Amino acid sequence: QLQLVESGGGLVQPGESLRLSCSASGLGSNYWTVGWFRQAPGKEREGISCISRIGGAPNYADSVKGRFTISRDYAKSTVFLQMNSLNTEDTAVYYCAVSLHASCSESVMEYWGKGTLVTVSS
């Protein structure tokens, strides 16, 4: 069974950066679609970035495009989310998730981490 653990969250001020990590264990495969999601206080969870298992350019939500970058270290079974120019609207619990589907839709994600909290406050 695949296990995902997020790390790297914390409290930062607007304009600062964080890098989140999602470490996978229990499955020796690089064929997963992998995505980052977040849930802000009082709001529904939203997809913010994803790399499909069939390749292609990563996608990003409009709210983070140009500021966040998703990447993978296949050798270490780790997915990263570099978060630059953070603002208060980025405050949320951030989750990584994976699926064997090509789609990046939240509904098809099969395994989820427990999340890491990012708080952006001045």
Side-chain angles (χ1 to χ4, degrees):
Q1 182 174 328
L2 184 67
Q3 185 173 7
L4 304 174
V5 179
E6 303 95 337
S7 62
L11 174 63
V12 297
Q13 294 184 325
E16 295 183 338
S17 299
L18 283 174
R19 189 179 75 159
L20 305 183
S21 299
C22 174
S23 180
S25 62
L27 184 63
S29 175
N30 290 317
Y31 289 126
W32 299 101
T33 289
V34 59
W36 284 96
F37 300 79
R38 69 183 182 186
Q39 187 167 21
K43 301 182 67 176
E44 295 185 347
R45 189 165 58 194
E46 63 171 338
I48 56 174
S49 187
C50 183
I51 303 176
S52 174
R53 67 180 300 275
I54 63 172
N59 57 46
Y60 298 93
D62 289 341
S63 58
V64 306
K65 190 175 182 63
R67 299 187 297 120
F68 292 9
T69 303
I70 188 172
S71 61
R72 301 179 70 167
D73 185 333
Y74 287 91
K76 295 183 178 180
S77 299
T78 302
V79 181
F80 303 98
L81 185 68
Q82 180 65 45
M83 309 164 64
N84 297 328
S85 301
L86 288 164
N87 55 60
T88 56
E89 288 72 34
D90 295 316
T91 296
V93 177
Y94 284 73
Y95 303 88
C96 64
V98 300
S99 173
L100 284 175
H101 294 274
S103 172
C104 286
S105 297
E106 178 179 345
S107 62
V108 304
M109 296 297 167
E110 300 173 49
Y111 298 95
W112 292 79
K114 293 183 178 180
T116 184
L117 177 63
V118 173
T119 302
V120 185
S121 177
S122 60

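Values in this document were obtained by computation on a predicted structure and should not be read as measured data.
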- Query: Ser105 and Ser103: side-chain hydrogen bond (donor to acceptor under 3.5 Å, both in side chains), yes or no, with the steps?
  - Reply: CA-CA 5 Å; Ser105 297; Ser103 172; 3.0 Å; yes

Reported [atom1]-to-[atom2] distance for the pair [X] and [Y], which is rounded to 0.5 angstrom:
X	Y	atom1	atom2	result
Asp90	Arg67	CG	CZ	4.0 Å
Leu4	Ser77	CG	OG	10.5 Å
Met109	Cys104	CE	SG	5.0 Å
Ser49	Met83	OG	CE	11.0 Å

Nearest non-hydrogen partners of [X] and [Y], listed with the distance:
X	Y	value
Ala24	Leu2	CB-CD1, 3.8 Å
Ser17	Gln82	CB-NE2, 4.0 Å
Ala102	Ser52	O-OG, 2.7 Å
Leu18	Gly8	CD2-O, 3.7 Å

- Query: Which of these, Glu6, Glu46, Glu44, sits in a salt bridge (Lys or Arg N to Asp or Glu O under 4.0 Å) with Arg38?
  - Reply: Glu46

- Evaluation steps, side-chain contact (heavy atoms from CB on, under 4.5 Å), between His101 and Arg53: CA-CA 7 Å; His101 294 274; Arg53 67 180 300 275; 5.8 Å; no

Do the side chains of [Y] and [X] get nearer than 4.5 Å, heavy atoms only?
X	Y	result
Val93	Thr116	no
Thr69	Leu81	no
Arg72	Val34	yes
Trp36	Val64	no
Leu11	Ser121	yes
Pro14	Val120	yes
Thr33	Cys50	yes
Cys96	Val79	no

- Message: Hydrophobic cluster membership, with links at side-chain heavy-atom distances under 4.5 Å among I/L/V/M/F/W/Y: are Ile48 and Leu20 in one?
- Response: yes

- Tell me whether Phe68 is reachable from Ile51 by hopping between hydrophobic residues (I, L, V, M, F, W, Y) whose side-chain heavy atoms are closer than 4.5 Å. yes

- Note on the structure: Of Tyr95, Trp112, Tyr94, the one forming a ring-ring contact (aromatic ring centres under 6.0 Å, His included) with Phe37 is Trp112

- Task: Please report the C-alpha distance between Thr119 and Val12 in whole Å, then the side-chain angles of each, then the deciding distance to 0.1 Å, and finally whether the side-chain contact (heavy atoms from CB on, under 4.5 Å) criterion is met.
- Result: CA-CA 6 Å; Thr119 302; Val12 297; over 6 Å; no

- Exceeds 12 heavy-atom contacts within 6.0 angstrom, atom CD of Gln3: no

- Item | side-chain hydrogen bond (donor to acceptor under 3.5 Å, both in side chains) between Thr78 and Asp73, intermediate numbers included | CA-CA 5 Å; Thr78 302; Asp73 185 333; over 6 Å; no

- Message: Quick check on the 6.0 Å ring-centre criterion: do Trp32 and Tyr111 meet it?
- Response: yes

